[in-house]
Amino acid sequence: MTSSSDPQRLDRADARLRRRYRAERLFQASGVAAIAFAVGTLFLLLGTVVYQGTGAFVESVAVLPVALDAGALDPDGDRSPESLARGNYASPVREALRARFPEASGRREKRALAGLLSVGAEYDLRDFVLAHPEAIGTTVERPLLLSDDADLYVRGDVDVDVDESDRKVSDAQVAWLDALVARGQVERRFNRRLFTSGDSREPELAGLQGAIRGSFLTLLVTLLLSFPIGVAAALYLEEFAPRNRLTDFVEVNINNLAAVPSIVFGLLGLAVLLNFLGLPRSAPLVGGIVLALMTLPTVIIAGRAALSAVPPSIREAALGVGASHVQAVLHHVLPQALPGILTGTIIGMARALGETAPLLMIGMIAFIVDLPTSPTDPATVLPVQIYLWSDAPERAFQARMGAAIIVLLGFLVVMNGAAVALRRRFESRY
Amino acid sequence: MKTKMQTDGLDVFYGEKQALFGVDLQIGANEVTALIGPSGCGKSTYLRCLNRMNDVVPGCRVSGRVTLDGEDVYDPRLDVVKLRARVGMVFQKPNPFPKSIYENVAYGPRIHGITHDRDELDALVRDSLRRAGLLEEVEDRLNEPGTSLSGGQQQRLCIARAIAVSPEVILMDEPCSALDPIATARVEELIDELRAQFTIVIVTHSMQQAARVSQRTAFFHLGRIVEEGETTKIFTNPDQERTQDYITGRFG
């Protein structure tokens with residue numbers, strides 16, 4: 001045995017070892033605590049959003065018999081779509097409700113009764129009649145969309161204990177809605193409108209289709225600009241550019257651009273694209289150009305990193321069989337680097353999808369009901385739509401906002417998933 | 001000896017540092033010339049001057065004369081792509097393209113337009129693989145990735161890729177250093193067979209390998225050629241004491 005058998009010395013070594021283990025356990029525990037905190041706040045955030053937003057995925061309708069009177073719906077009497085489109089659909093809807101509650105009398109009560117239903121009920125009825133002109137003259141059971149306040153009451157979100165003047169649903173309306181619910185005449189169904197229609201002043205009619213299209217068109221412009229330009233710039237800088245002060249200067253500036261606050265790009269768009277070049281305001285074209293400028297540094301930096309990660313042996317192999325420099329790069333280096341470049345691009349695009357500030361500067365914050373069909377139509381985008389709805393006075397918009405956030409997060413998750421999938425798929429080859 | 005390549009007073013600088021000092025060497029046609037010497041002595045640098053692979057190294061400067069069949073390799077009018085088609089290269093670490101075995105061999109002929117149709121290309125690919133002694137092993141999986149082969153097979157694939165463009169000279173930079181003894185023996189055998197058609201220059205750290213495969217040997221030390229001559233003479237009765245010390249393992 002050596003001197004380590006000396007008992008005092010062994011004790012000291014043991015104590016030191018115990019201290020070391022304790023310190024290591026503490027280190028690991030603090031790591032776990034940090035992750036737990038991060039995951040906790042994430043779930044808290046997602047939980048609130050989902051709790052707030054799920055209501056908007058469901059809408060309430062009152063199912064009532066509607067008498068489709070030929071005189072009101074078909075002024076020309078020839079059942080042509082033109083004639084049917086000019087018909088008066090408000091009165092059959094109103095009559096259906098009055099027939100259900102004949103006790104309502106006087107102008108104020110009748111107004112309150114009509115207030116149960118959304119104007120959307122008329123539009124739905126018109127769509128139904130245009131699709132089924134043979135139903136004119138009969139009485140059909142139709143779902144009539146409730147107004148946002150009535151919907152909130154049916155959902156149980158209105159406190160009836162407060163004074164009548166302090167709430168949006170009057171005592172009479174409460175009684176009518178209770179009667180409808182008691183007879184099973186109120187149905188809750190999936191809110192398709194949320195995905196098929198554009199923005200509206202009426203919360204129950206407002207949808208995300210306009211914002212989704214706007215986001216899509218904007219990102220399309222961003223992708224078409226930033227991907228080819230970014231890849232070309234990365235290729236040239238990494239593979240062909242001479243190393244001198246000019247290229248150093250360019251490189252430093254690209255790295256700095258990546259850190260420029262996004263609203264500055266918005267100001268640039270406002271000053272140059274709108275005021276100087278006279279491009280249309282609120283258009284995805286302009287938004288896309290601005291976001292492309294913002295995304296370019298990300299694409300270039302990711303592209304250069306991916307290109308320099310390709311092993312030099314591949315380049316040498318190509319040069320060794322007599323490929324020119326350009327051939328070696330285009331045939332061998334670029335295909336190897338492509339998954340990395342695509343990942344960088346998708347992450348840049350995901351950032352662009354969630355960007356709000358620069359788009360406010362170029363007027364994409366306008367209230368736009370029409371669905372955009374081309375990059376020059378006025379449009380808004382998902383994050384701006386969220387901002388708009390968060391600002392709206394109607395309470396029902398809060399749920400829409402939550403739903404819009406869920407949709408936006410869904411798109412982001414899909415895009416990031418695509419980036420991961422691309423990387424996995426191509427990396428396994430090498 | 002018929003000279004295929006020749007260097008006269010070759011100096012190479014990497015930035016401020018000089019790597020080669022006035023190297024004169026003749027490389028005989030249809031011979032295997034081995035370059036030996038301790039690490040950092042400039043043998044790989046010398047090899048890379050022969051097909052101008054040093055061009056891509058930033059800060060690398062070459063002076064002196066390198067000729068191939070009497071033509072100046074560093075003539076600015078000379079097309080470096082054509083030069084590399086004539087002087088092929090096999091690297092230390094097997095570096096097949098991350099593509100199929102077939103594509104690896106077909107790439108060179110394709111970019112040089114050597115073949116005119118698919119059948120000709122197929123025949124050339126198979127012939128190159130056969131000459132590299134690999135065809136039997138990979139015949140039924142030509143579409144599998146070249147990276148799926150073993151290290152020794154990958155290196156023979158790289159040799160097949162080099163000979164597919166019918167070069168005149170093949171440069172080999174320690175081609176067996178990443179291979180096991182069996183794969184090494186296979187590649188050495190192959191080098192001996194290829195000598196009939198090609199001029200071969202091989203850099204190696206293995207004295208035995210140099211003795212086995214080469215006809216002539218050049219011993220490099222500190223950027224200069226200490227001694228060069230017939231392999232049998234260098235390994236049995238060298239003129240210089242330093243050569244004797246190196247090949248018997250007393251330094252280096």
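In the text below, chain A, chain B and the rest are named by the order of the sequence lines, each starting its count at 1. Values below: all heavy atoms of this structure, side chains included; hydrogens, waters and symmetry mates excluded. Fair warning: this is a prediction, and the values are worked out from it, not measured in the lab.
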Pair up each side-chain donor or acceptor in residues 157-165 of chain B with any protein partner under 3.5 Å, not counting sequence neighbours, and list the distances.
unit_1	atom_1	unit_2	atom_2	d
Arg161(B)	NH1	Asn95(B)	O	3.1
Arg161(B)	NH1	Asn104(B)	OD1	3.4
Arg161(B)	NH2	Asn95(B)	O	3.3
Arg161(B)	NH2	Asn95(B)	OD1	3.0

In residues 28-35 of chain B, what donor-acceptor pairs under 3.5 Å come from side-chain atoms, sequence neighbours left out?
unit_1	atom_1	unit_2	atom_2	d
Asn30(B)	ND2	Arg195(B)	O	3.1
Asn30(B)	ND2	Ala196(B)	O	2.8

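Using a 4.5 Å cut-off on side-chain heavy atoms (C-beta onward), Met89(B) and Glu316(A) make no contact. Taking the side chain as every heavy atom from C-beta outward, Phe97(B) and His331(A) never approach each other to under 4.5 Å. Between Pro98(B) and Gln336(A), the closest side-chain pair of non-hydrogen atoms falls below 4.5 Å.
The choice from Lys93(B), Lys82(B), Gln92(B), Arg48(B) that makes the most heavy-atom pairs within less than 4.5 Å of chain A is Arg48(B).
Proximity to chain A (any heavy atom under 4.5 Å) is shown, for Arg110(B), by neither the backbone nor the side chain.
Surrounding CZ of Phe43(A) are at most 12 heavy atoms belonging to other residues, nucleotides or ligands under 6.0 Å away. Within 6.0 Å of CZ in Phe240(A) there are more than 12 heavy atoms belonging to other residues, nucleotides or ligands. By the 6.0 Å contact criterion, OH on Tyr74(B) is enclosed, its count of non-hydrogen atoms from other residues, nucleotides or ligands being greater than 12.
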Fill in: From CA spacing to verdict: side chain to side chain contact (heavy atoms under 4.5 Å, CB included), Arg84(B), Leu319(A)
CA-CA 8 Å; Arg84(B) 290 191 193 133; Leu319(A) 294 176; 3.9 Å; yes
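Residues Ile111(B) and Val321(A) approach most closely at CD1-O, 4.4 Å, considering heavy atoms.
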